[in-house]
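Worth knowing before you read on, the calculation uses all heavy atoms, side chains too, and leaves out hydrogens, waters and symmetry mates. Atoms within each ligand, like the ligands themselves, are counted from 1 in listed order.
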Amino acid sequence: MIPTWIELPSLGDERGQLSVAEVGNHAPFDIRRVYWIYETEEGVVRGKHAHVELEQLAVVVAGSCKMRLDDGNSSVEFTMDSPRRALYIGPGMWREMSEFSSDCVLLVLASEVYQESDYIRDYEKFTK
Ligand code: T46
C-alpha cells in the first residue's frame, strides 16, 4: 500500500475536539505498539531508516513537522499539521522527519512491537 492520508473523524462539540483511529475502520492493521515523539530540537532530522515489515499510522497530535517518504525511486514530502488525519506508512519506505515545531507531538501506531532487526538504517542497503 502506498503512503496515504487516512481521514480521522472529528467528533467535536461545544467542549472541543476528539479524534479516533480504530482498527478496521482507520488502521488497516492490528495495533501492537504506540509511541510518540516530542521535544525535538530545532533543525533535527529523525528517522533516516526504512522498515522491512512494519506498518504504521503517524498523526501529529500537536504542532507540525515534515515527513519525507522515499521508495528508492522517488520521494514525496508530507506536511504533518493536523490531528484530523493520519499518514499510513507501509514497509519498504525510507523516512525522514524534519522541521519539527517546538510543540510538535508525533504519535505513531505500529503493527508490531519494537524489533531492531526490522530496521534498515543504511540507505545504500535499502536501495538494493
Ligand atoms: C519510525 C519513525 C517514524 C525503542 O526502544 N522502542 C520503540 O518502540 C521505538 C520507536 C524506539 N526505541 C528506541 C530506539 C532508539 O534507541 O528509541 C530510540 C529512538 O528511536 P529512533 O532513533 O529509531 O527514532 P526515530 O525518531 O528516528 O524513528 C522512529 C521509529 O523508531 C521508527 O520506527 O518509523 O519514528
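Connectivity analysis of hydrophobic side chains (ILVMFWY, heavy atoms under 4.5 Å, direct or indirect) links Leu11 to Leu18, Val20.
For atom 32 (C) of ligand 1, the nearest protein heavy atom (residue, atom name, distance) is His49 NE2, 3.1 Å. Of the protein's non-hydrogen atoms, the one nearest atom 34 (O) of ligand 1 is Gln56 NE2, 2.7 Å. Scanning the protein heavy atoms around atom 31 (O) of ligand 1, the nearest turns out to be Tyr119 OH, 2.6 Å. Closest to atom 3 (C) of ligand 1, if we only count protein heavy atoms, is Met97 CE, 3.4 Å. Atom 26 (O) of ligand 1 has Arg46 NE, 2.7 Å as its closest protein atom, hydrogens excluded (heavy atom only). Closest protein heavy atom to atom 33 (O) of ligand 1: His51 NE2, 2.6 Å.
In this structure, Trp94 and Phe126 have tilted ring planes: the angle between them lies in the 30° to 60° band.
There is no side-chain donor-acceptor pair under 3.5 Å between Asp118 and Gln115. Inspection of the Trp5 and Glu7 side chains reveals no N or O donor paired with an N or O acceptor under 3.5 Å.
Using a cutoff of 4.0 Å between basic side-chain nitrogens and carboxylate oxygens, Glu112 and Arg32 are scored as salt-bridged.
In this structure, atom 23 (O) of ligand 1 has protein heavy atoms in its sub-4.0 angstrom surroundings. There is no protein heavy atom less than 4.0 angstrom from atom 15 (C) of ligand 1. Contact annotation for atom 18 (C) of ligand 1: protein absent (non-hydrogen atoms, distance under 4.0 Å).
Heavy-atom proximity to Arg95, at under 4.0 Å, picks out these atoms of ligand 1: 1 (C), 34 (O).
Using a 4.5 Å heavy-atom threshold, the side chains of Phe100 and Ile37 count as touching.
Looking at Trp36, Tyr35, Tyr114 and measuring to atom 30 (C) of ligand 1, the nearest heavy atom belongs to Tyr35.
Sorted by first and then second residue, the salt bridge (charged side-chain N to carboxylate O under 4.0 Å, His left out) pairs with a member in residues 49-74 read Arg68-Glu77; sequence neighbours excluded.
Residue Met93 is grouped with residue Tyr35 when hydrophobic side chains (ILVMFWY) are merged at heavy-atom distances under 4.5 angstrom, including chains of intermediate members.
Residue-to-ligand polar distances keep Ile37 apart from ligand 1: every N/O pair is separated by 3.5 Å or more. At least one N or O atom of Arg33 sits closer than 3.5 Å to an N or O atom of ligand 1.
If you run side-chain contact (heavy atoms from CB on, under 4.5 Å) between Val59 and each of Leu8, Leu106, Ile6, only Leu8 comes through.
The shortest separation from a heavy atom of Gly47 to ligand 1 is under 4.0 Å, placing the residue in contact. Using a non-hydrogen distance threshold of 4.0 Å, Arg121 registers as a contact of ligand 1.
Rounded to the nearest 0.5 Å, atoms CZ (Arg46) and CE (Met67) are 11.0 Å apart.
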